[in-house]
Amino acid sequence: MKKTKMCIILTLSLLLFMGTATFSIAAPQKANAVKKGPAKTTANESTRDTRELFGHNVDGLAPVTLVYAGDGVHNSLGDVLVVNLVKLIEAESKGKIKFDLHRYGSLYKSNDLPKVIPIGTVHVGGINKGLLMSRENGYAPWIIGYVWKNPEHLMALACSKEWYELEDRLAKGKWNLKPLVSANMGNWDYWSKTRIKSMKELRGKKIWSYGELSNAYIAAWGGTPVMKSFGETYMAFYNGSINVISSSIGLFHDYRFYEGGKYYLNMPIYPPDSVGIHYFQIYMNRDKWNSLHENYKRIILDAFDLMSWTGTYEGLCMQKLNIYRLINQHGVTDVGIATKYPAEYEKLKKAAVEGGKRYVLKHGVTQQQWDETQATLNKFADPKITSQYSWWFNLVRAESARRVNLIKKALAEGKSWETAYDQFHPKHRYNWTAEQIKKEWTASPRVKWEWDEKTRLQ
């Protein structure tokens, strides 16, 4: 079926992205991590999470084993995060929570997880919500891109009580899933073989599509969607059978797509400097979740919260480094539609949203569902709300600039690009102890979830 094909392709591409250098954590120099800049701002930080985590009593509790399936690539941040998460939870539970961890897709691929987690064959794993549309139409209005006003808009919504309660209800009703935390994906963008700076210039272009929702965007722009497996995209882009591809910044760099085309259109799905904090979730089988003691649940949630915010923070910081390398090392041109031609970016966004709306309404979403989604989105676009999250993005921008300057300094000293960049490579964190993981993850700035604690623990 077309919908199933769309879901599989979308998940494969997004999960492959999640397993690459999208979230590249600052790596240690020798035995120690790269020193971070001061995590200070002068803004109102009422939305900062200052909770003391862990310390939950597990004395007398029976041991449990959780089956975790992941498919992150070796040495990627996605894989490193999962390995360190397991270390942290096992240590904080005094070894009473054990993981049967299956990495690299060795047990199940990402597109299999919506099948096996609900029935309990696997207990924990990451799922992109595009796959969950097949059984629950309520997800569809939320996964359309190009609707966000600014980076803070995404964060304000995904941190809200309203959003989490919706997520919990949708996951429970038809999927038997418990959402644990956001596993944030980086910002997808478009890359071209030729300079394109307007919607008019996209007309007739052959554009790679990861699924039917993406088809709707491309058709709304006047382009021709071409659906291929991700493994085919490099050669198709290289030989010109595809003129434009969609990719994350990290993926475009690490998979050397710049060898096929050197124009970065800069027309991201989310506003520039954003991540898709609402799209990809870590889920647990709800029956397994319900069987756990409350203190086990608290340990798991504390650890996942730290992992989520560390990945989000580091991912955005490293995005700037990837852009710097693409432009200065590989000669990619930033066309800058979003930054230099904002009127065109607005036209592209509007057309994409209208195309996405037509698609989801055609596939079972009701007008009431659409209207309720828009009302909630508009509520959290209020500047009085979004401004409360600016402090976090200010920290990201400052740290991003600091890391780019470290790269520049290393290059000025005569080091190669690879050597200069290696100080930030996530591979160096595999050998961290649970104590190191806890210390470093706690040091990353966290935003307060407004999620109801009772709902989270149910």
Side-chain angles (χ1 to χ4, degrees), residues 14 16-18 20-27 34 36-37 76-78 145 148 150-151 154 184-197 234 237 244-277 311-342 345 348 392-412 415-426:
L14 290 179
L16 178 61
F17 153 74
M18 286 292 293
T20 61
T22 303
F23 295 150
S24 299
I25 291 181
V34 172
K36 296 179 181 178
S76 68
L77 174 91
W148 310 96
N150 50 47
L154 282 87
N184 308 322
M185 55 173 255
N187 208 340
W188 278 54
D189 213 306
Y190 284 85
W191 312 77
S192 176
K193 297 183 72 67
T194 60
R195 187 187 298 270
I196 295 171
K197 56 182 182 295
Y234 172 88
F237 190 48
V244 180
I245 64 168
S246 180
S247 169
S248 73
I249 292 168
L251 191 62
F252 190 84
H253 178 272
D254 291 349
Y255 282 74
R256 304 170 71 97
F257 282 109
Y258 51 79
E259 295 175 344
K262 292 185 178 293
Y263 290 94
Y264 167 40
L265 299 190
N266 200 337
M267 45 180 276
I269 289 179
Y270 311 114
D273 300 323
S274 298
V275 289
I277 194 171
T312 308
Y313 179 76
E314 296 292 342
L316 275 174
C317 290
M318 296 309 295
Q319 182 170 277
K320 293 297 185 183
L321 280 189
N322 282 322
I323 284 292
Y324 185 79
R325 291 190 74 180
L326 284 169
I327 293 172
N328 294 280
Q329 181 182 2
H330 301 298
V332 172
T333 297
D334 179 2
V335 177
I337 293 178
T339 54
K340 301 174 185 176
Y341 309 98
Y345 185 45
L348 287 159
W392 191 87
F393 289 95
N394 289 337
L395 289 178
V396 168
R397 294 181 186 107
E399 180 64 9
S400 298
R402 190 186 74 88
R403 295 184 189 189
V404 170
N405 286 335
L406 285 176
I407 293 290
K408 292 179 179 179
K409 179 180 178 182
L411 293 172
K415 295 179 181 178
S416 68
W417 279 97
E418 286 66 29
T419 300
Y421 189 74
D422 185 70
Q423 62 187 302
F424 301 108
H425 202 294

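- Rounding to the nearest 0.5 angstrom, the gap separating the OG1 atom in T194 from the NZ atom in K262 is 14.5 Å.
- Considering only heavy atoms from C-beta on, S247 comes within 4.5 Å of W191 through its side chain.
- Scanning both residues, D273 and F393, for their nearest heavy atoms gives O-CE2, 3.8 Å.
- Taking the side chain as every heavy atom from C-beta outward, Q423 and L406 approach each other to under 4.5 Å.
- Nearest heavy-atom pair across F237 and S192 is CZ-C, 3.8 Å.
- The heavy-atom pair separating S76 from P426 by the smallest distance is C-CG, 4.1 Å.
- Here the OG1 atom belonging to T333 is positioned 11.0 Å from the CG atom belonging to L326, to the nearest 0.5 angstrom.
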Given side chain to side chain contact (heavy atoms under 4.5 Å, CB included), test I323 with F252 step by step and report yes or no. CA-CA 10 Å; I323 284 292; F252 190 84; over 6 Å; no
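- I269 and G145 get closest at one heavy-atom pair: CG2-CA, 3.7 Å.
- D189 is listed as a side-chain neighbour of M267, based on a closest heavy-atom distance under 4.5 Å.
- Remark: K320 does not engage E399 in a salt bridge, criterion side-chain N to carboxylate O under 4.0 Å.
- Around atom CZ of R397, more than 12 heavy atoms belonging to other residues, nucleotides or ligands sit under 6.0 Å away.
- The two atoms that bring S274 and N150 nearest to each other are OG-C, 4.4 Å, heavy atoms only.
- Residues I337 and L348 have side chains in contact (heavy-atom distance under 4.5 Å, counting atoms from C-beta outward).
- Between R325 atom CZ and L321 atom CG the span is 8.5 Å, to the nearest 0.5 Å.
- K193 places a side-chain N or O within donor-acceptor distance of the main-chain N or O of G260, the cut-off being under 3.5 Å.
- Atom-to-atom distance recorded for N405:CG and S400:OG is 11.0 Å, nearest 0.5 angstrom.
- Taking each heavy atom of V335 and I196 in turn, the nearest pair found is CG1-O, 3.2 Å.
- For the atom pair CZ of R256 and NE2 of H330, the computed distance is 7.0 Å after rounding to the nearest 0.5 Å.
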CA sep, side-chain torsions, deciding dist, call: Y258, Y264, side chain to side chain contact (heavy atoms under 4.5 Å, CB included): CA-CA 9 Å; Y258 51 79; Y264 167 40; over 6 Å; no
Test log, rule side chain to side chain contact (heavy atoms under 4.5 Å, CB included), inputs M318 and Y421: CA-CA 10 Å; M318 296 309 295; Y421 189 74; 3.8 Å; yes
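- In this structure, the side chain of K340 engages the main chain of D334 through a donor-acceptor pair within 3.5 Å.
- Contact check for N187 versus V275: no side-chain heavy atoms found under the 4.5 Å cut-off.
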With side chain to side chain contact (heavy atoms under 4.5 Å, CB included) as the test, would you mind laying out the steps for L316 and W392 before giving the verdict? CA-CA 11 Å; L316 275 174; W392 191 87; 3.7 Å; yes
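- At least one side-chain heavy atom of Y345 sits less than 4.5 Å from a side-chain heavy atom of P272.
- Between S248 and Y255, the closest side-chain pair of non-hydrogen atoms is not below 4.5 Å.
- With rounding to the nearest 0.5 Å, the separation of CG in N266 from OG1 in T339 is 4.5 Å.
- A heavy-atom distance below 4.5 Å is found between the side chains of L154 and Y270.
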